[in-house]
Each structure stands twice: as C-alpha cells, then as structure tokens.
2 protein chains.
Amino acid sequence: MDKRMRIGELARRAGVTQRTVRHYESIGLMPPGEREGTGQHYYTEESLERLRKIDQLKKLGLSLDEMREVVQLYFIDPSGVQSKRKALALLRQHLAETDQKLSELGQFRGEIQSLIGHFERWFEKREGE
Amino acid sequence: MDKRMRIGELARRAGVTQRTVRHYESIGLMPPGEREGTGQHYYTEESLERLRKIDQLKKLGLSLDEMREVVQLYFIDPSGVQSKRKALALLRQHLAETDQKLSELGQFRGEIQSLIGHFERWFEKREGE
DNA sequence: TCAAAACATAACGTTTACGTCATGTTCATC
DNA sequence: GATGAACATGACGTAAACGTTATGTTTTGA
C-alpha cells in the first residue's frame with residue numbers, strides 16, 4: 001500500500017523545492033509522478049528515495065547529467081543479459097572513479113593536516129618562551 | 001632566479017585557458033601577474049602551483065568562492081598571531097569537512113560494490129546452469 | 001624593420017541548476 | 001458551493017564559471 005503523495009509533500013520531505021522536482025523530471029532524471037485523470041501527479045516512497053539519492057550524488061560532485069546513468073542503476077533493475085552487462089561495466093567504471101576521488105581526497109586531507117601541524121608547532125614554540 | 005613567463009605559457013603548463021587565468025585574477029583568486037611598464041603581465045612558478053592547487057580543489061567540489069580562503073592559506077603565510085589563529089581555525093574546519101566527505105564517499109563506494117556483487121552473482125548463476 | 005604571433009581589455013554569449021512570477025486548474029473543507 | 005490552499009504549465013530571470021568575438025598593443029624573429 002503505497003502512501004500516495006503529491007509534489008508538495010514529496011518536495012518537503014526530500015528537502016528540496018517543487019521546482020527542483022519538476023526540473024529533474026524535465027531532464028529525465030526523475031520519472032514524472034503518475035497522473036490521475038485530472039492532471040495532478042502522485043508520487044511514492046520510491047520517488048523520495050530517488051530524490052535523496054540524487055542529493056547524495058550531488059554532494060559527491062556529480063552533475064545532474066553525469067548522475068543520470070547511475071541513478072538508473074539504483075532504481076531500474078535492468079532486464080535482459082545485455083543491459084545487465086552494460087550496467088556491470090558502468091558500475092565498475094564508477095567504482096574506479098570513486099577510488100580515484102577517494103585517493104585525491106585523502107591526499108588533500110594529508111596536506112591540510114600538515115599545514116595544521118606547522119601552525120600548531122609555531123604556537124607551541126611561542127608559549128614555551 | 002624565477003623563470004619569468006607570460007600568460008600563454010602559464011595557461012598552457014597549467015592546462016587551462018588564458019581566459020580562465022584572467023577570470024581567477026578578476027575575482028581575486030589569483031594575484032594578477034606583475035606588470036613590466038608596457039602592460040604585459042609576468043608570472044612565476046608559484047603562479048603555476050597556485051593554478052594547479054585551484055584545479056585540485058575544484059575536483060574536490062569546492063566552488064571558486066569557497067576556495068579563496070584555502071588557497072590563501074597555501075600561498076600567503078599569514079603574519080601576526082591573530083591571522084595565524086584564524087588560519088588554524090579555518091584549517092581545522094576544512095579538515096572536518098574533508099573527513100565528512102571522505103566518509104560519505106566511502107559509503108557510496110560500498111553501495112556501488114554491493115550493486116556490482118548482485119550483478120556478478122547473477123552472471124555466475126547463469127553460467128553454472 | 002616589419003609582419004606574424006602573443007598579449008590586454010571590453011563586452012556579449014553560454015551552460016547548469018534551478019528561482020521567481022504569472023495565470024489558470026484542482027483539492028479540501030466549512 | 002464558495003473559497004483559500006495546493007498544483008500545473010509556461011516563461012522569463014539569475015549566479016557561477018568561463019567561452020567567444022572584437023579591437024588595439026606589444027613581442028619576437030626573419
């Protein structure tokens with residue numbers, strides 16, 4: 001029994017604006033909510049999860065365009081051997097990219113720590129005088 | 001003896017366009033190259049490092065605006081106790097943010113791997129038949 | 001020294017990811 | 001059944017980060 005909701009509730013619970021939801025629909029990042037004859041769109045919990053996943057991917061620096069493929073993988077389970085193979089290849093590529101980012105971010109962290117160390121030692125010296 | 005270079009070489013070696021360099025100067029992210037009477041700007045190896053650092057920070061998802069402070073810390077060593085304290089506080093904040101990102105990225109990595117696992121098991125089953 | 005390549009500055013154009021009206025329709029409820 | 005809140009659709013606006021002419025000046029190499 002899916003909790004039918006309209007765009008207002010969906011957007012509020014996802015922490016985005018209605019405009020954002022419609023924007024994602026318009027560029028094919030979200031499927032448009034099902035209509036009910038009269039023109040209004042209705043959404044499910046899955047729509048909500050999808051919005052949250054998009055938000056998470058954004059934080060990782062992906063553009064809406066780059067996200068499209070990945071989001072598909074999360075919410076459409078591909079049928080057919082061919083599309084499953086494609087999905088697997090895509091996922092492996094994304095794993096590699098993620099590892100690359102993790103490594104760069106780790107290096108950046110090291111640099112920050114080193115700078116912090118410099119400053120801390122400078123202050124320690126001063127206090128010891 | 002600093003290898004004086006002009007904007008063409010600088011941009012080429014940094015892998016960006018001249019327009020990009022000028023843009024960074026115009027928003028105060030890079031100091032404008034020193035002029036030599038006639039109007040032309042001259043740059044040093046430090047300018048190059050700075051451009052590369054900016055590029056690195058961009059990959060980590062920082063906006064040019066957010067970058068400004070961090071880049072300062074790398075290339076201007078703050079004089080005076082007050083500014084040193086401020087720098088230290090800033091660096092610690094950036095360290096915390098970086099750790100947060102690292103954790104999120106790690107979680108994302110896990111999700112990707114899990115998805116890959118699903119697909120791989122599916123293929124194994126099929127072959128075993 | 002003189003033409004071609006490189007540079008400076010200004011101004012308008014472009015893409016991404018929405019924000020912000022404006023206007024008409026549908027829902028909920030009194 | 002009226003009316004205020006919520007929704008649909010369209011169109012124009014905006015900020016960031018440059019791209020792309022256009023025009024005039026400076027450097028460089030034959």
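Each chain gets a letter, A, B and so on, in the order the sequences are listed, and its residues count up from 1.
The stretch residues 13-22 of chain A comes close to DNA chain D through A/Gln18, A/Arg19, A/Arg22, each having a heavy atom under 4.0 Å from the strand. Within residues 53-65 of chain B, no residue has any heavy atom under 4.0 Å from DNA chain C.
Distance alone, capped at 3.5 Å, places no donor-acceptor pair between the A/Thr20 side chain and the A/Val16 backbone. Remark: side-chain polar atoms of A/Arg121 are not paired, donor with acceptor, to backbone N or O of A/Ile116 under 3.5 angstrom. Listed for the B/Glu127 side chain is no donor-acceptor partner under 3.5 Å among the backbone atoms of B/Glu124. Under a 3.5 Å cut-off, the side chain of B/Ser83 and the backbone N or O of B/Ser79 do form a donor-acceptor pair. The main-chain N or O of B/His94 is found under 3.5 Å from a side-chain atom of B/Thr98 such that the two form a donor-acceptor pair. Under a 3.5 Å cut-off, the side chain of A/Glu66 and the backbone N or O of A/Ser63 do form a donor-acceptor pair.
A side-chain donor from one of B/Gln40 and B/Arg6 sits under 3.5 Å from a side-chain acceptor of the other. Between the side chains of B/Gln56 and B/Lys59, not a single donor N or O lies within less than 3.5 Å of an accepting N or O. Side chain to side chain, A/Tyr74 and A/Glu49 fail the donor-acceptor criterion of an N or O pair below 3.5 Å.
In this structure, CD of A/Glu66 is placed 14 Å from C1' of C/dT15, rounded to the nearest angstrom.
Dashed line: the shortest gap from a side-chain N or O of B/His41 to OP1 or OP2 of C/dT9 is under 4.0 Å. Within the structure, a side-chain polar atom (N or O) of A/Tyr24 is placed less than 4.0 Å from OP1 or OP2 of C/dC18.
Across all non-hydrogen atoms, the minimal contact from A/Phe119 to B/Leu88 is CB-CD1, 3.8 Å.
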Begin with the C-alpha distance, continue with both residues' side-chain angles, and end with the deciding distance and a verdict on salt bridge (Lys or Arg N to Asp or Glu O under 4.0 Å) for B/Glu120 and A/Arg92.
-> CA-CA 11 Å; B/Glu120 282 177 344; A/Arg92 283 182 173 143; 2.6 Å; yes
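Every residue two or more places apart in sequence or in another chain was checked for a salt bridge (charged side-chain N to carboxylate O under 4.0 Å, His left out) with A/Lys84, and none qualifies. Applying the side chain to side chain contact (heavy atoms under 4.5 Å, CB included) rule to B/Arg12 yields the partners B/Glu9; only residues at least two apart in sequence or on another chain are considered.
Within 4.0 Å of B/Arg12, counting heavy atoms only, lies no atom of the nucleic acid at all.
You can see that DNA chain D meets the heavy atoms of chain B within a 4.0 Å-exclusive cut from D/dA17 to D/dT27, reading 5' to 3'.
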Between the protein and nucleotides 22-30 of chain C, are there any N/O to N/O pairs under 3.5 Å, and if so, what are the atom names and distances?
{"unit_1": "C/dC27", "atom_1": "OP1", "unit_2": "A/Thr38", "atom_2": "OG1", "d": "2.7"}

